[in-house]
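Just so it is clear: chains get the letters A, B, ... in the order the sequence lines come, proteins before strands, and each one is counted from 1.
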There are 2 protein chains.
Amino acid sequence: MPKKNKELQKAGLKATLPRIKILEVLDSKGHLSAEDIYKELILLDEDVGLATIYRVLTQFESAGIVIKHNFEEGHAVYEIVSDEHHDHMVCIETGKIYEFHDEIIEQRQAEIAKKQGFEIVDHNMVLYVKKLES
Amino acid sequence: MPKKNKELQKAGLKATLPRIKILEVLDSKGHLSAEDIYKELILLDEDVGLATIYRVLTQFESAGIVIKHNFEEGHAVYEIVSDEHHDHMVCIETGKIYEFHDEIIEQRQAEIAKKQGFEIVDHNMVLYVKKLES
DNA sequence: GTCCTTGCAAAGCTTTTGCATCGCT
DNA sequence: AGCGATGCAAAAGCTTTGCAAGGAC
């Protein structure tokens, strides 16, 4: 449990209650918007201001603790950075988010960039899908 | 030149001056935000309200005339739909947008979705790149 | 003439910021 | 104690909407 404190201190951030709670919620629930986290914390009887959540998420992003995604719903969603990179698949019927990783695609992307004289700094790939007829 | 009128009528939209002008600007300048188009039209001495541009772009999107992209700059950018699908590469140093298409990646994406019991409805792939050291 | 479109202003949403208070270390 | 962090409320984008006036067919 003091693991999260270490994580925060390593990033130069004081281990405050709001920050720890936000990390915990992200850990257990995955892909959330600032508002989602806000509501989640209210359910847990933790009174954290929405502004604080935005500030903390921005700091976490700079520290490399979370990634911010701009899927297309008019708001950003955040997730904890895991060891291995992955991309996302969003079901347009259920809104559920699935993760996947494909080395062949990653390699092609690097080649494509290189062919034009670039190197990849980051990338973003989202597949919008729906269940196949059964 | 009456080509744009036909295009609009086919979509069930009256061929009004604002709509024609917006199409022309998108045709010549590529990837633009609503604000970009607004400024561009002012330069051309065409007085079109920003709200109209948003409304027209939304209609164009529904009609399949333009695509809306949510890159990550806090605003959407639009481009005319071309015959062949393509993805984007954004240079983080210059902000320039490059287009590319890769059949191998497209196939992998379809396979990945299928393996999980889904079919792809749409997808979004953006590579953020920078120039290789020369 | 009818119905769709437009422009302006106002409202809506997500996100950011100012400032006094509070809380880690 | 000191300085960073928080909360509230206000402000700042981008985008949407209501409504009266204007334009296409």
Side-chain angles (χ1 to χ4, degrees), chain A residues 1-2 4-25 31-42 44-63 65-78, chain B residues 1-2 4-25 31-42 44-63 65-78:
Chain A
M1 184 61 128
K4 297 210 184 323
N5 299 34
K6 289 264 173 61
E7 213 174 319
L8 288 169
Q9 288 173 350
K10 204 162 47 181
L13 300 169
K14 286 184 182 168
T16 63
L17 210 134
R19 297 216 259 238
I20 292 169
K21 289 299 169 192
I22 291 171
L23 272 187
E24 286 179 2
V25 171
H31 305 83
L32 301 172
S33 68
E35 185 86 30
D36 291 337
I37 296 174
Y38 181 64
K39 287 182 192 153
E40 208 57 53
L41 288 178
I42 286 177
L44 299 175
D45 271 316
E46 298 289 345
D47 242 314
V48 178
L50 187 51
T52 299
I53 295 177
Y54 276 107
R55 264 184 302 230
V56 167
L57 287 172
T58 302
Q59 295 161 339
F60 283 3
E61 195 191 3
S62 303
I65 297 173
V66 305
I67 297 191
K68 177 181 183 178
H69 295 288
N70 296 283
F71 299 160
E72 25 225 80
E73 316 113 3
H75 60 257
V77 309
Y78 297 82
Chain B
M1 184 60 128
K4 299 211 184 322
N5 297 35
K6 289 266 173 62
E7 212 174 320
L8 288 169
Q9 288 173 350
K10 204 161 47 181
L13 300 169
K14 286 184 182 168
T16 63
L17 209 136
R19 298 216 258 239
I20 292 169
K21 288 300 171 192
I22 291 171
L23 271 188
E24 286 180 1
V25 171
H31 304 83
L32 300 173
S33 67
E35 186 86 32
D36 291 338
I37 295 173
Y38 181 64
K39 287 181 192 153
E40 208 56 53
L41 289 178
I42 285 176
L44 299 174
D45 271 315
E46 298 290 345
D47 243 314
V48 178
L50 187 51
T52 299
I53 295 175
Y54 277 107
R55 264 184 303 229
V56 167
L57 287 173
T58 302
Q59 295 162 340
F60 283 1
E61 195 191 3
S62 304
I65 297 173
V66 305
I67 296 190
K68 177 182 184 177
H69 295 287
N70 296 284
F71 298 159
E72 27 225 78
E73 318 113 1
H75 60 257
V77 309
Y78 297 82

> Of the nucleotides C/dT5, C/dT16, D/dT6, which has the atom closest to the A/Thr58 side chain?
Replying inline: C/dT16
> What's the closest nucleotide to the B/Ala15 side chain, out of D/dC25, C/dT14, D/dG7?
Replying inline: D/dC25
>> Whole angstroms only, please: what is the NZ-C1' distance between A/Lys68 and C/dT16?
In response: 11 Å
> Just wondering, do B/Val56 and B/Val48 contact through their side chains at under 4.5 Å, heavy atoms?
Replying inline: no
>> Less than 4.0 angstrom from a charged side-chain N to a carboxylate O is my criterion; do B/Lys10 and B/Glu7 meet it?
In response: no
>> On DNA chain D, does the nearest nucleotide to B/Ala34 precede the nearest nucleotide to B/Leu13 from the 5' side, or the other way round? Give the residue.
In response: B/Ala34
>> Return whichever of B/Tyr54 or A/Gln59 has its heavy-atom-nearest nucleotide of DNA chain D closer to the 5' end.
In response: A/Gln59
>> Working to the nearest 0.5 angstrom, can you tell me the gap between B/His31 NE2 and B/Tyr78 OH?
In response: 13.5 Å
>> Whole angstroms only, please: what is the CG-P distance between B/Asn5 and C/dT5?
In response: 14 Å
> Taking OP1 and OP2 of C/dT6, is either one under 4.0 Å from a side-chain nitrogen or oxygen of B/Thr16?
Replying inline: yes
> In whole Å, what is the span from the NE2 atom of A/His75 to the C1' atom of C/dG12?
Replying inline: 16 Å
> Measuring from B/Leu32:CG to B/Leu57:CG, what's the distance to the nearest 0.5 Å?
Replying inline: 9.5 Å
> If you check every side-chain atom of A/Lys14, which of D/dC3, D/dG7, D/dT15 has the closest atom?
Replying inline: D/dC3
> How long is the gap from CZ on A/Arg19 to CG on A/Leu13, to the nearest 0.5 Å?
Replying inline: 4.5 Å
> To the nearest Å, how far apart are B/Asn70 CG and C/dT14 P?
Replying inline: 14 Å
> Among D/dT6, D/dT17, D/dC25, which is the nearest nucleotide to the side chain of B/Ala51?
Replying inline: D/dT17
>> Whole angstroms only, please: what is the CG-P distance between B/Leu50 and D/dT16?
In response: 10 Å
>> What is the distance, to the nearest angstrom, from the CD1 atom on A/Ile22 to the P atom on D/dA5?
In response: 13 Å
> What nucleotide, of C/dT14, D/dT6, C/dT5, holds the atom closest to the side chain of A/Arg19?
Replying inline: D/dT6
> Which is true for A/Gln9 with a 4.0 Å heavy-atom rule: it touches a base, it touches only sugar-phosphate, or it touches nothing?
Replying inline: sugar-phosphate
>> If I take atom CD in residue A/Glu73 and atom P in nucleotide D/dT16, what distance separates them, rounded to the nearest angstrom?
In response: 15 Å
> Between the base of D/dG4 and the side chain of A/Arg55, is there a donor-acceptor distance below 3.5 Å?
Replying inline: no
> Taking CG from A/Leu8 and P from C/dG23, how many angstroms apart are they, rounded to a whole number?
Replying inline: 18 Å
